[in-house]
There are 2 protein chains.
Amino acid sequence: MTHRRHARSRSRRLVRPGHWHVHARVERFVEPSLLLLLRERPLHGYELLERIPELGVEGRVDIGNLYRLLRALEEEGLVQSEWSADLPGPAKRTYELTAEGRRLLDRWAEALNRAQGTITGFLERYEEGR
Amino acid sequence: MTHRRHARSRSRRLVRPGHWHVHARVERFVEPSLLLLLRERPLHGYELLERIPELGVEGRVDIGNLYRLLRALEEEGLVQSEWSADLPGPAKRTYELTAEGRRLLDRWAEALNRAQGTITGFLERYEEGR
DNA sequence: ACCACTATAGGTAAAAAACATATGTCTAAA
DNA sequence: TTTAGACATATGTTTTTTACCTATAGTGGT
């Protein structure tokens, strides 16, 4: 692969002068998203990419990072995969959740609950002083 | 300043083999936190550091990054500061929110509302399939 | 004098996210 | 029938964000 250098924007996603996108996204939210989708049934990477928006993720998910994450999760025994020769179309690697992956999902759910409490607290304090 | 290289953990904050800290933190949450605290009254950096835990932020906030963020916010006209010679103790730079900063806080509140919806959706779907 | 605490600040590394490209299969339309 | 586009997986690289570490100085107590 060849790559060139490209001029890119300065920082903080300017829209108009003095205006930025404000996102408020949860760090590494794609990880629990993948685990949750895979708990429901085995899927391959591209399907996961298509279904993640169902979970309300703002902005598109980076496909490159998604595949990298899947392989990282597999290395750690959180998901398992195999090539599905049977399915039509290009070769697909189908992932399924392991017991350990399921436990990690449970931990994510707890963490997301705590995060929700934090956000609620913030918003309450915000509303108080409007 | 001199710096040495230090051996650091591989990745993903291992606690015990196969166990990670799962955080679910909101990206750049300190920014809205500072804006909210400053809306209530002017404060200096060290006070902000002490008060941020009130907002339910897990883990300690990096003091170096906090000061950098304050200066970045000032460059962008979101906060204003001046040295407070009057106050006792070491020199303190007291920050206050500008009108523009207050508008940014409003945008953060909207974004956090959306994030909460996303998390709620995730957790509902999680509970369904338990 | 020394120590701990308050206060601000800069340097750098690691982690996470964004951006870009490569490569191949299969399907449907021109 | 070749060609365009969707499907599918993957790697390379840059930018942004967070974490870690060090520097400097005033102040108050012992």
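Numbered from 1 within each chain, the chains take letters A, B, ... in sequence-line order.
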Return the value, rounded to whole Å, for the distance between atom [atom1] of [X] and atom [atom2] of [N].
X       : N      : atom1 : atom2 : value
B:Leu69 : D:dT16 : CG    : P     : 15 Å
B:His23 : C:dA17 : NE2   : P     : 13 Å
A:Tyr95 : D:dA8  : OH    : P     : 14 Å
A:Ile63 : D:dC7  : CD1   : P     : 11 Å
A:Phe29 : C:dA17 : CZ    : P     : 12 Å
A:Arg25 : C:dA17 : CZ    : P     : 7 Å
B:Leu66 : C:dA9  : CG    : C1'   : 12 Å
B:His21 : D:dA19 : NE2   : C1'   : 13 Å

Does [Y] offer a backbone N or O that forms a donor-acceptor pair with the side chain of [X] under 3.5 Å?
X       : Y        : value
A:Ser81 : A:Thr94  : no
B:Arg39 : A:Tyr126 : yes
A:Glu76 : A:Leu73  : no

Q.
One pair to check against side-chain contact (heavy atoms from CB on, under 4.5 Å): B:Leu55 and A:Thr118. What are the steps and the verdict?
A. CA-CA 7 Å; B:Leu55 300 177; A:Thr118 301; 5.9 Å; no
Q.
Can you see if the side chain of B:Arg28 gets near the phosphate of D:dT17 - specifically, an N or O under 4.0 Å from OP1 or OP2?
A.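 Yes.
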**Q.** Residues A:Glu40, B:Arg125: salt bridge by 4.0 Å N-O rule
**A.**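 B:Arg125 and A:Glu40: salt-bridged.
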Q | Polar contact flag, side-chain donor to acceptor under 3.5 angstrom, B:Gln116-A:Thr120 | A |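 Yes.
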Q. Which distance, rounded to the nearest 0.5 Å, do you find between the CG of B:Leu105 and the CG of B:Leu38?
A.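 The distance works out to 9.5 Å.
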**Q.** Per-nucleotide protein contact string for nucleotides 25-30 of chain D, where B marks a base within reach and S marks sugar-phosphate only (heavy atoms under 4.0 Å, - for neither)
**A.** -BS---
[X] has a side chain; which of [options] sits nearest to it?
X       : options                : result
B:Asn65 : D:dT17, D:dC20, C:dA16 : D:dC20
A:Tyr67 : D:dA10, C:dG10, D:dT18 : D:dA10
B:Asp62 : C:dA18, D:dC21, D:dT9  : D:dC21

Q: Count the heavy atoms belonging to other residues, nucleotides or ligands that lie under 6.0 Å from CD of A:Glu74, then report whether that count exceeds 12.
A: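 Atom CD in A:Glu74 is packed in, count exceeds 12.
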**Q.** Residues within residues 41-61 of chain B bordering DNA chain C, heavy-atom distance below 4.0 Å
**A.**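 Those residues are B:His44, B:Gly45, B:Tyr46.
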Q. Considering residues at least two apart in sequence or located in another chain, which fulfil the ring-ring contact (aromatic ring centres under 6.0 Å, His included) criterion with B:Tyr46?
A.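 ring-ring contact (aromatic ring centres under 6.0 Å, His included) list for B:Tyr46, sorted by chain: empty.
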Q | Toward the 5' end of DNA chain D, by each residue's nearest nucleotide, A:Arg68 or A:Thr94 | A |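 Of the two residues, A:Thr94 wins.
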